[in-house]
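Being a predicted model, the structure only gives us computed values, none of them experimental.
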Amino acid sequence: MTIEKLQELKIMALKNGDMNTKRVLSDMIDACQKAAITPKGRVELTEQLVDETLIKYQKTVQEMIDTCPASYPEKLHQYQEDMKVVKMCAPQLITDKAEIETKVREIAGTAGIDLLKANRGTLMKSVSMELKGKVDMKIVSAVVGGLLK
């Protein structure tokens with residue numbers, strides 16, 4: 001997803017009078033713009049940076065849903081509606097362990113890393129460079145741990 005596409009979606013939501021979608025898209029755009037500000041200065045808002053930021057935003061909204069007390073059904077409903085908008089824009093992560101294991105093995109082979117002798121840090125560095133933003137890194141870590149045993 002690009003920042004321009006998010007802005008287009010926000011304008012369409014505004015024109016359609018969908019204020020909830022407009023609000024969520026505005027929040028996501030703000031999160032992306034804040035992610036582009038680093039201690040060394042502003043960096044370019046690449047598609048990868050936008051995708052990584054949207055994944056973090058999606059995790060935040062999911063956390064709000066998971067921790068919302070049952071005594072606030074209106075708030076829970078609001079968070080669930082927000083999640084629908086976020087899922088529409090955020091990239092969907094690969095969570096299938098078998099597919100992730102195949103990709104890890106491919107990356108290790110391409111990088112010339114022997115899984116029998118590899119150290120976890122070297123393998124994770126190579127894998128994260130290739131798969132960050134495409135897969136759930138918690139699952140990748142578990143798969144790598146299983147491969148190196």
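Heavy atoms from other residues, nucleotides or ligands lying under 6.0 Å from CD of Q33 number more than 12.
Side chains of M137 and M124 form a contact here, defined as non-hydrogen atoms less than 4.5 Å apart. For the pair V144/L123, a side-chain contact is recorded, criterion being any heavy-atom separation below 4.5 Å from C-beta on. No side-chain heavy atom of S128 sits less than 4.5 Å from a side-chain heavy atom of V140.
Salt bridge status for D82 with R23: present, with a side-chain N to carboxylate O gap under 4.0 Å. With respect to the salt-bridge test (charged N to carboxylate O, under 4.0 angstrom), the residues E63 and K59 do not qualify. A salt bridge links K84 with E81: the closest approach of a Lys/Arg side-chain nitrogen to an acidic carboxylate oxygen falls below 4.0 angstrom.
In the hydrophobic clustering of this structure, L45 groups with V43; members are Ile, Leu, Val, Met, Phe, Trp, Tyr whose side-chain heavy atoms approach within less than 4.5 Å, directly or through other members.
Considering every non-hydrogen atom in both C68 and L76, the closest pair reads SG-N, 3.7 Å. Of all non-hydrogen atoms in C32 and L6, the two that sit nearest each other are SG-CD1, 4.2 Å. For the pair I139 and K97, the tightest heavy-atom approach, listed with the atom from each and the gap, is CG2-CG, 3.7 Å.
Distance check, rounded to the nearest 0.5 Å: CD1 of I100 to OG1 of T95 gives 6.5 Å. Considering OG1 of T60 and CD1 of I65, their distance stands at 11.0 Å, rounded to 0.5 Å. Annotation: the span from T53 atom OG1 to M28 atom CE amounts to 11.0 Å, rounded to 0.5 Å.
Side-chain contact of Q58 with Q62: a donor-acceptor pair under 3.5 Å is absent, judged by distance alone.
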So E130 and K103, side chain to side chain contact (heavy atoms under 4.5 Å, CB included) or not? Walk me through it. CA-CA 9 Å; E130 293 286 327; K103 289 187 180 290; over 6 Å; no
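Remark: side-chain polar atoms of Q92 are paired, donor with acceptor, to backbone N or O of K87 under 3.5 angstrom. For S141 (side chain) and K138 (main-chain N/O), no donor-acceptor pair under 3.5 Å exists by modelled atom type.
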